[in-house]
Novice: 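The structure follows.
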Amino acid sequence: MFATQDEWDRSYAEGRRFSPLSDRERSLLATHAPPPADARALDIGCGVGELAAHLSTLGYAVDAVDWSETALAEAAAEHGTAVRWLRLDIESDDGTPLHADGYDLITLRFVVPLLNPRARTLHALGRRLRPGGAIVVVTPRAGRHSGRAASPRARRGRTRRARRCTTPEAWPS
């Protein structure tokens with residue numbers, strides 16, 4: 001996995017990408033995270049901006065954050081100014097560019113396994129939620145074999161999708 005900003009920039013410059021946003025993801029977000037009035041969303045690890053742009057079409061005012069300047073430049077070129085593109089290290093920067101009045105939706109697509117320290121970062125993001133807001137975490141699914149879930153041995157080292165949602169107050173410290 002990449003560890004430095006230069007490695008992430010080089011990866012994006014070489015054309016490496018995560019999986020495209022699926023129709024299922026789009027549908028689930030539209031169904032389970034419809035924007036309230038004056039909705040604001042924060043997309044963490046936005047990459048080239050596909051999810052951020054989609055959230056904008058749903059009616060959210062979107063701040064999209066990534067560590068890679070290369071990814072953000074491509075996102076801005078592809079999706080324009082409907083989203084506010086921010087270069088920020090969500091783990092260590094102070095978050096000054098983020099909206100002080102919070103967010104109704106915070107998304108982390110394929111990002112949580114990369115966070116370090118994970119719990120502290122997620123708690124800090126939870127404090128940025130407006131009342132009634134939600135954090136949506138999307139992780140890769142464990143591999144499939146012949147239509148059945150892969151064995152526990154085959155799943156080792158892979159991230160599993162979350163099976164329940166909890167409020168930030170219920171998260172372990």
Side-chain angles (χ1 to χ4, degrees), residues 1-2 5 7-91 97-99 102-115 118 121-122 125-126 128-130 132-144 147 149-150 155 157-166:
M1 192 46 58
F2 305 121
Q5 182 183 10
E7 290 171 319
W8 279 106
D9 281 336
R10 187 170 35 260
S11 175
Y12 280 109
E14 292 170 354
R16 293 188 188 131
R17 302 290 181 269
F18 285 105
S19 300
L21 191 63
S22 70
D23 289 340
R24 180 167 166 76
E25 288 172 287
R26 293 172 194 273
S27 176
L28 286 169
L29 284 165
T31 301
H32 297 288
D38 299 318
R40 186 172 304 283
L42 175 61
D43 183 18
I44 303 295
C46 68
V48 296
E50 187 179 15
L51 175 55
H54 175 68
L55 293 172
S56 177
T57 67
L58 293 178
Y60 286 97
V62 181
D63 286 348
V65 171
D66 205 281
W67 197 23
S68 169
E69 292 177 20
T70 304
L72 290 169
E74 184 175 329
E78 175 75 20
H79 303 292
T81 60
V83 171
R84 190 168 72 129
W85 309 104
L86 302 169
R87 195 253 169 238
L88 187 68
D89 182 342
I90 202 66
E91 297 165 335
L98 302 177
H99 286 281
Y103 296 90
D104 300 291
L105 178 68
I106 299 174
T107 58
L108 298 102
R109 185 175 186 264
F110 303 149
V111 173
V112 168
L114 306 175
L115 295 176
R118 187 174 302 143
T121 304
L122 289 172
L125 290 171
R128 292 193 173 277
L129 284 175
R130 291 176 172 172
I135 292 180
V136 173
V137 174
V138 179
T139 61
R141 290 187 65 186
R144 295 260 177 211
R155 289 194 313 255
R158 295 184 185 176
T159 307
R160 291 183 13 209
R161 65 186 167 127
R163 299 202 186 283
R164 63 184 173 164
C165 295
T166 60

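Here the structure is a predicted model, which means the values were calculated and not measured. For the numbers below, each heavy atom of this structure counts, side chains included, while hydrogens, waters and symmetry mates do not. Residues take their numbers from the sequence shown, with the count starting at 1.
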Novice: Tell me the closest heavy-atom pair linking Arg130 and Gly102, and the distance in Å.
Specialist: NE-O, 3.4 Å
Novice: Could you give the distance from NE2 (His54) to CG (Asp43), rounded to the nearest 0.5 Å?
Specialist: 11.0 Å
Novice: Under the side-chain hydrogen bond (donor to acceptor under 3.5 Å, both in side chains) definition, can you give me all pairs with a residue in residues 32-41, not counting sequence neighbours?
Specialist: Arg40-His99
Novice: Using only atom types and a distance under 3.5 Å, with no angle test, would you say the side chain of Trp67 pairs donor to acceptor with the backbone of Ile90?
Specialist: no
Novice: Identify which one of Thr107, Leu108, Leu105 satisfies the side chain to side chain contact (heavy atoms under 4.5 Å, CB included) criterion when paired with Ile135.
Specialist: Leu108
Novice: Applying side chain to side chain contact (heavy atoms under 4.5 Å, CB included) between Leu51 and each of Ile44, Val136, Val62, Leu29, report the one that passes.
Specialist: Leu29
Novice: Looking at Glu91 and Thr121, what are the two nearest heavy atoms and their distance?
Specialist: CG-OG1, 3.8 Å
Novice: Quick check: closest heavy atoms across Gly45 and Val111, and the distance to 0.1 Å?
Specialist: CA-CG2, 3.8 Å
Novice: Can you name the residues that form a salt bridge (Lys or Arg N to Asp or Glu O under 4.0 Å) with Arg26, not counting sequence neighbours?
Specialist: Glu50
Novice: Is a side-chain donor or acceptor of Thr31 paired with a backbone partner of Leu28 at a separation under 3.5 angstrom?
Specialist: no
Novice: Would you check if Thr70 and Glu74 make a side-chain contact, meaning some heavy-atom pair closer than 4.5 Å?
Specialist: no
Novice: Looking only at heavy atoms, what is the nearest atom pair of Ala53 and His79, with distance?
Specialist: CB-ND1, 3.4 Å
Novice: Which heavy atom of Ala33 sits nearest a heavy atom of Tyr60, and at what distance?
Specialist: O-OH, 2.5 Å
Novice: Side chains of Pro35 and Leu55: closer than 4.5 Å at any heavy-atom pair?
Specialist: no
Novice: Nearest 0.5 Å please: distance from the CH2 atom of Trp85 over to the SG atom of Cys46.
Specialist: 5.5 Å
Novice: Flag the pair Leu98 / Leu88 as yes when at least one side-chain heavy-atom distance between them is below 4.5 Å, and no otherwise.
Specialist: yes
Novice: Okay, side chain of Arg128, backbone of Tyr103: is any donor-acceptor separation there less than 3.5 Å?
Specialist: no
Novice: How far apart are the closest heavy atoms of Ala64 and Ala52, and which atoms are they?
Specialist: CB-CB, 3.7 Å
Novice: Just to verify, what does Arg109 make a salt bridge (Lys or Arg N to Asp or Glu O under 4.0 Å) with, not counting sequence neighbours?
Specialist: Glu25
